[in-house]
Amino acid sequence: MQGRVLIIAGSDSGGGAGIQADIKTVTALDGFATTAITALTAQNTEGVHGVMPVDIAFIRQQMEVVLRDIGADSIKIGMLHNAEVINVVYSVLGAAAAGIPLVVDPVMVAKGGASLLNADAAGTLRKKLLPLATVITPNIPEAEALLGSSIGSVGDMEEAARALRAMGPAAVLVKGGHMEGDELVDLLVDEDGVHRFETRRIHTVHTHGTGCSLASAIATGLAQGNTLVYAVRRAQTYVAEAIRTAPGFGSGHGPINHAHTLHSFRGV
């Protein structure tokens, strides 16, 4: 099936999130992953122990050489760390990636609580990248941070998605994993209205990298020519099975099982 996905994100030395999770996800869904690494992290299941930014000029070079030669059918953006990185990514996208579907996962806080986006960068993210996005995929804390308001119900999630969409992205997927209860809801708001995706909570601590993986799975679906609704539904199915079959590594928030195969999937 293939589909070329350029991933612009940070590296996770523990292998559960970031670039490592992105590549595994794209490969598992029969796409082809290329990368532009924005930062290196010293990370394991217990948390982020260090972050080393990548030189801005080198981030630009990674993006430009991949787009010039291999090209991309979609682009996924994850950890960008600061405003300077956001600005260079914005510049290259405008010059070399116009019209390519763009999935923006506004990574702000790691699973263990470490900040992955400088405080001064949120405004740059809202101004520069959200208006370019085909879809953005915030979880509830990220949506709250982008909007400066609290979300306590599915109704609040819908209001948040509409408010975020007013900032410019074509669609917004607000993920409901931080809500209480066993019945989980993700809400997608696009030009056609509201799409509701339901699943049941799997009680486990092994959920590291779920946000990265979901966004990369969506980007793979778009790269393969699927509709956004189909791509989201398949991505949710893929991640749920990856959580269910997690290998149980580490003493903290362990990685999910990216290597499982979707033997069957009934989309829309």
Side-chain angles (χ1 to χ4, degrees), residues 3 5 17 21-22 25-26 28-29 31 74 76 78 101-107 111 130 133-144 146-147 151-165 169-204 206-246 256-258 260-268:
V5 183
D22 297 325
T25 297
V26 173
L29 293 174
S74 73
K76 183 260 178 154
L102 176 64
V103 178
V104 176
D105 184 23
V107 178
K111 187 72 70 179
L130 296 197
T134 303
V135 60
I136 65 171
T137 62
N139 58 30
I140 286 176
E142 290 160 350
E144 289 176 332
L146 287 169
L147 292 169
I151 298 171
S153 67
V154 175
D156 290 344
M157 289 172 61
E158 181 177 340
E159 289 184 15
R162 292 187 184 279
L164 287 168
R165 188 166 181 263
V172 177
L173 177 70
V174 177
K175 300 172 294 187
H178 287 78
M179 297 287 285
E180 297 293 329
D182 287 341
E183 299 297 327
L184 301 181
V185 176
D186 296 341
L187 285 184
L188 174 69
V189 174
D190 62 11
E191 64 180 359
D192 296 322
V194 180
H195 309 271
R196 184 181 175 111
F197 303 88
E198 299 181 0
T199 188
R200 288 191 61 82
R201 186 185 304 278
I202 299 170
H203 291 276
T204 176
H206 300 295
T207 57
H208 184 51
T210 51
C212 303
S213 303
L214 184 77
S216 286
I218 293 169
T220 306
L222 295 178
Q224 293 167 341
N226 297 306
T227 67
L228 178 58
V229 171
Y230 179 97
V232 170
R233 195 175 299 280
R234 186 180 72 163
Q236 188 188 59
T237 301
Y238 168 78
V239 170
E241 183 64 12
I243 295 171
R244 190 187 69 80
T245 60
I256 62 179
N257 175 26
H258 293 98
H260 83 84
T261 302
L262 275 179
H263 293 292
S264 63
F265 172 72
R266 294 183 179 181
V268 293

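- The OG1 atom of T199 sits 8.0 Å away from the CD1 atom of I243 when rounded to the nearest 0.5 Å.
- Listed by chain and residue number, nothing satisfies the side chain to side chain donor-acceptor pair (under 3.5 Å) test with N226 (two or more places apart in sequence, or in another chain).
- Contacts classified as salt bridge (charged side-chain N to carboxylate O under 4.0 Å, His left out) and involving residues 152-164 (residues at least two apart or in different chains) are given here: E158-R162.
- Residues K76 and C212 form a side-chain contact, since some pair of their non-hydrogen atoms from C-beta on lies under 4.5 Å apart.
- In terms of the side-chain contact (heavy atoms from CB on, under 4.5 Å) criterion, residue partners of E198 (sequence neighbours excluded) are, by chain and number, V185, R196.
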Begin with the C-alpha distance, continue with both residues' side-chain angles, and end with the deciding distance and a verdict on side chain to side chain contact (heavy atoms under 4.5 Å, CB included) for L173 and I218.
CA-CA 11 Å; L173 177 70; I218 293 169; 3.8 Å; yes
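- Taking the side chain to side chain donor-acceptor pair (under 3.5 Å) definition, one finds that D105 meets it with T137, sequence neighbours left out.
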Decide yes or no on side chain to side chain contact (heavy atoms under 4.5 Å, CB included) for I151 and H178, but give the supporting numbers first.
CA-CA 10 Å; I151 298 171; H178 287 78; over 6 Å; no
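- Residues L222 and T134 have side chains in contact (heavy-atom distance under 4.5 Å, counting atoms from C-beta outward).
- The minimum heavy-atom distance linking V174 with A161 is given by the pair CG2-CB, 3.8 Å.
- Every residue two or more places apart in sequence or in another chain that forms a side-chain contact (heavy atoms from CB on, under 4.5 Å) with L147 is listed here: S149, A160, A163, L164, M167.
- Distance CG/D190 to CG/L228: 6.5 Å, rounded to 0.5 Å.
- Listed here is the closest heavy atom pair of A217 and A235: CB-CB, 3.4 Å.
- I136 and P169 get closest at one heavy-atom pair: CG2-CB, 4.0 Å.
- Counting only distance, with no hydrogens or angles, the side chain of E191 and the backbone of A170 share no donor-acceptor pair below 3.5 Å.
- Remark: H206 engages no residue in a side chain to side chain donor-acceptor pair (under 3.5 Å) (not counting sequence neighbours).
- Residues passing the side chain to side chain donor-acceptor pair (under 3.5 Å) test with D182 are H203, sequence neighbours excluded.
- Minimum interatomic distance between L184 and G176 (heavy atoms only, all atoms of both residues): CD2-O, 3.9 Å.
- Distance alone, capped at 3.5 Å, is enough to place a donor-acceptor pair between the Q224 side chain and the L29 backbone.
- Within the model, atoms CD of Q236 and CG of L188 stand 11.0 Å from one another, a figure rounded to the nearest 0.5 Å.
- Formation of a donor-acceptor pair under 3.5 Å by the Y238 side chain with backbone atoms of H260 is not found in this model.
- What you find for A215 and V103 is that their closest heavy atoms are O-CG1, 3.7 Å.
- A search for side-chain contact (heavy atoms from CB on, under 4.5 Å) contacts involving R244 returns I202, E241, not counting sequence neighbours.
- Nearest heavy-atom pair across V5 and T220 is CG2-CA, 3.9 Å.
- Distance alone, capped at 3.5 Å, places no donor-acceptor pair between the S213 side chain and the V239 backbone.
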Please evaluate residues L214 and K175 with respect to the criterion side chain to side chain contact (heavy atoms under 4.5 Å, CB included), reporting the C-alpha separation (whole Å), side-chain torsions for both, the decisive distance (0.1 Å), and the verdict.
CA-CA 10 Å; L214 184 77; K175 300 172 294 187; 3.4 Å; yes
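- Between the side chain of E142 and the main chain of N139, a donor-acceptor pair closer than 3.5 Å is present.
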